[in-house]
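Reviewing the structure listed below.
Every chain is numbered from 1 and lettered A, B, ... according to where its sequence line falls, protein lines coming before strand lines. Atom set for the values below is all heavy atoms of this structure, side chains included, hydrogens, waters and symmetry mates excluded.
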Amino acid sequence: MDKTYQPEQIESRWYERWEADGRFAPSGEGTPYAIMIPPPNVTGSLHMGHAFQDTIMDTLIRWRRMQGRNTLWQVGTDHAGIATQMLVERKVAAEEGKSRFDLGREAFIDKVWEWKHESGGHITRQLRRMGASVDWSRERFTMDDGFYQAVQEVFVRLHEEELIYRGKRLVNWDPTLHTAISDLEVENRDQQGQFWHFRYPLADGVTTDTGADHLVVATTRPETLLGDTGVAVNPEDPRYASLIGKFVTLPLVGRRIPVVADEHADMDKGSGCVKITPAHDFNDYEVGRRQDLPLINVFTQDAAILSRAEAFDIQGRPLPDVDPSLPAAYAGLDRFAAREAIVADMQAAGLLEKTETVNNTLPFGDRSGDVIEPLLTDQWFVAVESLARPAIEAVENGDIEFVPKNYENMYFAWMRDLQDWCISRQLWWGHRIPAWYDAEGNVYVARSEQEAREKHGLSADMALTQDDDVLDTWFSSGLWTFGTLGWPEPTEELATFHPTSVLVTGFDIIFFWVARMIMLTCKFTGEVPFRQVYVHGLVRDGQGHKMSKSKGNVLDPIDLIDGIDLETLVEKRTGNLMQPQKAKAIAKATRDEFPEGIEPHGTDALRFTFLSQATTGRDIKFDMGRLDGYRNFCNKLWNASRYVLMNAEGEDTGLDHAPVELSLADRWIVSQLQQTEAQVTRALKEFRFDHASQALYEFVWNEYCDWYLELSKPVLWDAAQESANVAGDRMSGATDAASAAAKRGTRRTLVRVLEAILRLAHPMMPFISEEIWQRVAPLAGTCQGEGDSIMVQPWPVADDRLLDEAATRDIEWLKGVIVAVRNIRAEMNIAPGKPLEVLLTQGTETDRARLAANRLFLAKLAKLERVDWLDDPAKAPLSATQLVGEMEVLVPMAGLIDKDAELKRLAKEIDKQDKLIQGIEKKLGNESFVAKAPEAVVQKERDKLDDVQSTRRVLVEQRNKIAAL
RNA sequence: AGGACCAUAGCUCAGUUGGUUAGAGCGCCACGUUGACAUCGUGGAGGUCGGCGGUUCAAAUCCGCCUGGUCCUACCA
């Protein structure tokens with residue numbers, strides 16, 4: 001093995017090997033365990049969020065696989081309607097200077113498929129680099145043939161049940177992308193805006209109670225004035241009671257519009273009068289419905305002003321009686337230009353009362369960045385009410401459990417206030433809506449054109465045209481858990497793996513995806529899609545900022561794995577910026593943060609970092625320091641393994657039946673291992689990946705490496721003779737045979753514990769664990785020969801019979817003595833390598849027995865040349881002292897110890913004890929504590945006080961003795 | 001406006017049902033090239049657990065209020 005851990009050399013080969021050996025497919029045996037990967041965008045690339053999420057899923061899957069479960073990790077990608085279409089449109093524009101309209105629908109879609117074939121492998125390659133053990137043989141795509149069938153089926157059935165309907169509704173319209181988008185795709189951003197107060201003249205000579213001939217309405221959107229069909233006042237508002245039912249004349253247009261009474265008008269805001277534009281505002285739409293006002297649309301699909309308005313009733317039927325004329329001056333003006341023109345004209349007409357600056361929130365399309373316009377358009381909707389009910393119940397009654405639990409509230413809050421879901425998108429890339437129209441505009445919904453004709457008895461020569469729209473991407477991804485398993489066919493996979501076990505996802509798509517999956521899955525399979533939802537936070541940068549290209553703080557997981565030099569990193573972060581002026585600042589920040597670029601860390605270290613940071617219910621501030629730390633941890637494991645192999649390969653590791661004797665240390669580390677196995681298993685069960693990784697880390701580094709490997713050295717390297725030299729009394733019966741049995745026992749333990757560590761580590765660190773296991777397992781007798789893999793070894797199960805409390809206490813004692821000596825060395829500035837003589841006094845029988853059994857360990861680890869019992873404490877030479885329980889560890893000072901330093905050290909120790917004593921005495925002095933606290937708690941405090949007091953007594957004696965010198 | 005979550009060492013975070021001498025990693029200081037590892041070892045410094053109040057014999061932990069931060073939902077005529 002190389003002296004240092006070099007991940008790039010081992011990671012490349014193992015993944016290919018596993019995949020080639022078919023290790024990722026379900027075993028077909030054991031209780032099923034399934035996870036469906038949240039399908040990433042097919043043309044996307046793997047970001048930190050994916051890497052994090054995939055690490056968690058892979059850890060779960062590898063763990064369950066080792067437990068013998070029949071595991072399926074379903075992989076696939078999403079066609080991602082808008083995102084992909086935009087990407088390809090930009091590409092075509094850049095490369096061919098053509099728009100999608102230049103190409104036409106079919107040719108454009110061909111281009112998208114082409115792009116998919118070209119770049120769709122990118123993210124799947126990256127997934128492989130992360131070590132994700134997904135079943136590639138079942139890879140799916142949300143627009144493959146099977147999904148096409150599932151989507152048609154769901155749409156048609158919902159339509160048959162009248163849960164899908166079509167209508168002219170006000171929807172969020174993206175004027176750039178020319179499509180409807182859902183509420184969820186709208187991002188509200190605070191802006192500073194203008195607030196214009198307009199006068200609307202009262203018609204027919206009417207005046208207000210105060211004698212004014214007009215009403216004042218305020219708006220941030222003057223251009224919608226053209227579509228006003230009423231002015232609302234609050235029915236309770238005495239100021240305007242007499243005007244209800246009267247009319248105002250809409251300025252600039254001249255339309256007579258009524259004053260209506262509606263609770264929407266807030267008496268305390270502005271003048272208390274509100275202009276009502278049902279075709280351009282969601283609230284006004286509702287007012288229009290209540291007050292039976294016409295809807296007058298004044299915008300084109302680009303959000304420019306129409307030359308003639310379009311009037312409808314609330315059902316979307318045209319209203320031929322409404323005068324559609326608009327002032328010619330505005331025709332064709334963009335909404336923002338129209339706004340300026342209208343304000344200017346109102347001012348010129350003396351109808352602008354005042355202008356204020358206000359903070360308001362504007363809706364932006366999260367894809368286009370354009371201001372979203374509520375627009376009256378024909379769209380398809382899912383009536384969600386009846387679907388939501390079972391979906392809510394599934395969570396209420398525990399069929400689906402959110403981890404952490406508080407996300408259930410978020411889910412309920414949203415589900416109980418659902419609006420019908422607008423599922424049509426005016427895009428080309430996606431599942432085309434299975435609806436056909438005849439010449440009269442009658443609509444026929446069916447699985448195919450042919451079925452439409454059969455179903456409705458339409459003649460073969462009757463012209464039918466399919467709906468141009470496609471479905472919202474989330475409509476198809478909502479079928480992910482069962483669509484991937486072959487639905488609507490009643491497949492074996494569906495029977496085996498559905499409902500799936502757990503969904504791992506970010507809270508940001510609970511509404512987009514999780515809620516819709518639950519609704520659609522309950523509806524069509526009668527089952528929940530998954531039993532548990534593990535919700536994780538967002539991966540942020542080290543300062544807690546969201547990673548984004550425009551901030552220039554994006555980290556690419558692959559760069560953390562392979563490393564990247566500074567110049568390449570700067571180039572990556574500053575290239576292709578939307579705002580190129582930011583490049584300089586980004587470059588500087590990058591150079592400051594990564595002066596040397598980023599070193600390679602390997603996949604295992606990155607995964608371990610994610611897991612250690614995967615704490616519940618909070619976002620992750622990605623910590624480069626921890627990444628370094630866990631890379632070092634891999635190196636530690638690597639080198640510990642080198643040590644084990646050096647001492648065990650070609651040696652007797654107790655595989656045959658020769659006698660084996662386990663030392664105290666052997667029994668102790670085996671006992672500790674059981675606890676670690678139990679801890680890691682429990683943590684994984686509870687989704688506490690941070691605890692799981694920490695338990696492993698601590699065991700490997702702080703117990704196995706720091707102590708056990710050190711304790712193994714005297715056994716393996718030092719002859720019995722040598723220990724006898726150190727011994728004050730005789731080593732008894734240290735025969736060659738006994739020594740051989742002891743060595744065998746230690747080698748066997750070294751190897752077996754390491755082998756178990758590797759299995760325990762494998763779900764978290766698949767590569768390094770496999771690499772080392774291949775060498776170690778044969779020595780432990782757990783390898784079935786060439787071609788075997790750690791992936792399919794049994795998960796370690798703690799065996800309580802191997803817990804050894806006596807050994808643990810003995811080792812704690814030994815550690816205590818060793819640390820005491822080291823402490824004296826460090827504080828007294830005694831060279832670490834200088835052999836010392838140590839005296840022990842005030843020991844119990846147990847202490848004496850422990851010393852007798854552990855002389856060699858003590859001598860080696862504390863670098864002692866002599867250890868002796870001092871029978872009469874009064875005769876102790878002047879020494880530096882440490883206490884281990886009641887026992888005193890003395891390092892005689894002669895020629896070694898600095899008097900002042902020792903006094904200082906003792907003073908510090910005494911002070912510490914004093915503070916403790918104070919605290920405990922205060923507690924015990926409190927009568928109600930003694931009276932009311934459980935007896936055990938009180939007794940514990942008393943014992944503690946005794947301990948601390950006697951420690952203090954010894955320290956004070958010691959101090960006095962030295963001070964008297 | 002309503003709601004959620006967070007606030008513990010310089011930094012990133014643990015802390016199970018209230019009882020611990022409040023922990024880890026990184027960073028910091030001192031010493032150290034002992035035959036697995038300097039991507040290391042040994043020892044150490046560093047916290048009135050955001051603030052105030054309450055419940056309790058006992059609060060980092062439970063309750064209330066406040067401050068600061070993140071986010072979601074709604075509204076903003």
Could you check which nucleotide pairs with [N] in any of the strands shown, counting Watson-Crick or G-U wobble with both distances under 3.5 Å?
N	value
G41(B)	C31(B)
C13(B)	G23(B)
G2(B)	C72(B)
G46(B)	none
G64(B)	C52(B)

Do nucleotides 26-42 of chain B as a string where each nucleotide becomes B, S or -: B if the base has a protein heavy atom under 4.0 Å, S if just the sugar-phosphate does, - if no protein is that close.
---------BBB-BSSS

Considering just the side-chain nitrogens and oxygens of His691(A), establish if one lies under 4.0 Å of OP1 or OP2 belonging to G15(B).
yes

Measure from the side-chain heavy atoms of [X] and tell me the nearest of [options].
X	options	result
Lys908(A)	G44(B), C57(B), A14(B)	G44(B)
Lys621(A)	C75(B), G15(B), U12(B)	U12(B)
Glu698(A)	U20(B), G15(B), A24(B)	A24(B)
Lys944(A)	C76(B), A14(B), U21(B)	U21(B)

P atom, G35(B) versus U42(B): distance in rounded Å?
15 Å

Can you check the distance between U67(B) and C57(B), where both ends of the measurement are the C1' atom (answer in whole Å)?
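Per the computed distance, 31 Å lies between those C1' atoms.
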
Just how far is it from atom CD1 of Ile768(A) to atom CG of Asp604(A), taken to the nearest 0.5 Å?
6.0 Å

Please tell me whether Phe608(A) and Tyr630(A) form a close aromatic pair, meaning their ring centres lie under 6.0 Å apart.
yes

Hey, would you say the Phe689(A) and His691(A) ring centroids sit under 6.0 Å apart?
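No, too far apart.
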
Under 4.0 Å between any heavy atoms, over every strand shown, what does [X] touch: base, sugar-phosphate, or nothing? Just pick one.
X	answer
Ala933(A)	base
Phe195(A)	sugar-phosphate
Asp266(A)	base
Asn409(A)	nothing
Arg416(A)	nothing

Between Asn283(A) and Ile620(A), whichever has its closest RNA chain B nucleotide further toward 5' is Ile620(A)

Residue that, paired with Thr224(A), satisfies side-chain hydrogen bond (donor to acceptor under 3.5 Å, both in side chains) out of Arg339(A), Glu373(A), Lys275(A)
Lys275(A)

Atom CD of Gln543(A): over 12 foreign heavy atoms under 6.0 Å:
yes

For the residue pair Trp707(A) / Asn702(A), report whether a side-chain donor-acceptor contact shorter than 3.5 Å exists.
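No donor-acceptor contact under 3.5 Å links the two side chains.
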
Modelled atom types, side-chain donor and acceptor of Asn647(A) and Glu651(A), under 3.5 Å
no

Pair of N/O donor and acceptor under 3.5 Å linking U70(B) base with Arg540(A) side chain
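Donor-acceptor pair under 3.5 Å: no.
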
Examine Arg607(A) relative to Phe610(A) and say whether NZ or CZ is less than 6.0 Å from the centre of the six-membered ring and inside a 45° cone about the ring axis.
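That pair does not qualify as a cation-pi contact.
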
